[in-house]
Amino acid sequence: MNITKKTENNVLTIALEGRLDTVTAPELENEIRSSAEGVSRLILDFTELAYISSAGLRVLLSTQKRMNASGGSLLIRHPNEVVSEVFEATGFSDILEIEA
């Protein structure tokens, strides 16, 4: 998985490319922990994300909780059809802000 970050006006955008799974989820979690401190909005750009596993969903859930606790917000941007189906099947589409 490749991770690209950009911060602008207290908004952190993290773009992911590849697979968010058991192997790569800890890398994303560490990146979010080290980079999202003090940001008001975190955008996870999934345009190039091919797959998400339950480990990836766990990272999204903990990130959502962290952002809510700090008064910030999380946006998932441009998930593909496969990732969107996982969100629908797991109910994550009801708890996450998702921009198609």
Side-chain angles (χ1 to χ4, degrees):
M1 179 177 67
N2 292 320
I3 298 175
T4 307
K5 299 184 302 180
K6 179 179 80 170
T7 304
E8 187 176 313
N9 297 330
N10 214 25
V11 175
L12 172 62
T13 301
I14 298 177
L16 304 178
E17 180 181 346
R19 296 171 56 90
L20 181 53
D21 55 24
T22 304
V23 174
T24 59
E27 180 183 356
L28 177 60
E29 191 165 39
N30 290 336
E31 195 65 51
I32 290 170
R33 279 193 185 134
S34 67
S35 303
E37 187 70 32
V39 300
S40 61
R41 182 121 167 117
L42 173 60
I43 299 171
L44 295 178
D45 187 337
F46 282 8
T47 302
E48 299 297 325
L49 187 70
Y51 171 82
I52 189 167
S53 74
S54 60
L57 293 175
R58 182 187 56 76
V59 173
L60 296 183
L61 186 59
S62 66
T63 300
Q64 176 74 33
K65 288 179 180 180
R66 184 178 303 115
M67 293 304 294
N68 287 346
S70 69
S73 63
L74 171 66
L75 170 67
I76 307 299
R77 181 176 284 162
H78 307 302
N80 68 20
E81 188 175 331
V82 172
V83 174
S84 293
E85 286 176 5
V86 170
F87 288 161
E88 287 292 326
T90 59
F92 272 63
S93 58
D94 295 331
I95 61 171
L96 296 174
E97 181 183 357
I98 302 171
E99 179 182 280

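V59 and I98 fall within the same hydrophobic cluster, defined by Ile, Leu, Val, Met, Phe, Trp and Tyr side-chain heavy atoms under 4.5 Å apart, directly or through other members. In the hydrophobic clustering of ILVMFWY residues, with side-chain heavy atoms under 4.5 Å counting as a link, L75 and V83 come out apart. When the side chains of ILVMFWY residues are joined at heavy-atom separations under 4.5 Å, either directly or via intervening members, F92 and V86 end up in a single hydrophobic cluster. Hydrophobic clustering of Ile, Leu, Val, Met, Phe, Trp and Tyr side chains at less than 4.5 Å, counting indirect connections, unites L57 with I3. Residues I43 and L20 do not share a hydrophobic cluster, clusters being chains of Ile/Leu/Val/Met/Phe/Trp/Tyr side chains in contact below 4.5 Å.
When the salt bridge (charged side-chain N to carboxylate O under 4.0 Å, His left out) test is applied to E99, the partners found at least two apart in sequence or on another chain are R77. Residues passing the salt bridge (charged side-chain N to carboxylate O under 4.0 Å, His left out) test with R66: none are found, sequence neighbours excluded. Applying the side chain to side chain contact (heavy atoms under 4.5 Å, CB included) test to K65 and every residue at least two apart in sequence or in another chain returns L61.
Here the closest non-hydrogen pair linking M67 and S73 is CE-O, 3.4 Å. Nearest heavy atom pair, residue P26 against residue T22, reads CD-O, 3.4 Å. Minimum interatomic distance between F87 and P79 (heavy atoms only, all atoms of both residues): CE1-CB, 4.2 Å.
Expressed to the nearest 0.5 Å, how far CD1 of I32 lies from CD of E37 amounts to 13.0 Å. To the nearest 0.5 Å, atoms CG (L60) and CD (E29) are separated by 10.5 Å. A distance of 6.5 Å separates CG in L44 from OG1 in T63, rounded to the nearest 0.5 Å. Put simply, CD1 on I14 and NZ on K6 are 12.5 Å apart, with the number rounded to the nearest 0.5 Å. Rounded to the nearest 0.5 angstrom, T7 OG1 and R41 CZ are separated by 14.5 Å. Note that the CG atom of N2 and the CD atom of E27 stand 8.5 Å from one another [nearest 0.5 Å].
Put simply, the residue from L42, L74, I95, I76 that forms a side chain to side chain contact (heavy atoms under 4.5 Å, CB included) with Q64 is L74.
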With side-chain contact (heavy atoms from CB on, under 4.5 Å) as the test, would you mind laying out the steps for M1 and D21 before giving the verdict? CA-CA 9 Å; M1 179 177 67; D21 55 24; over 6 Å; no
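Residues F46 and L16 are in side-chain contact: their nearest non-hydrogen atoms beyond the backbone lie under 4.5 Å apart.
Dense packing is recorded around CG of N10, with more than 12 heavy atoms of other residues, nucleotides or ligands lying under 6.0 Å away.
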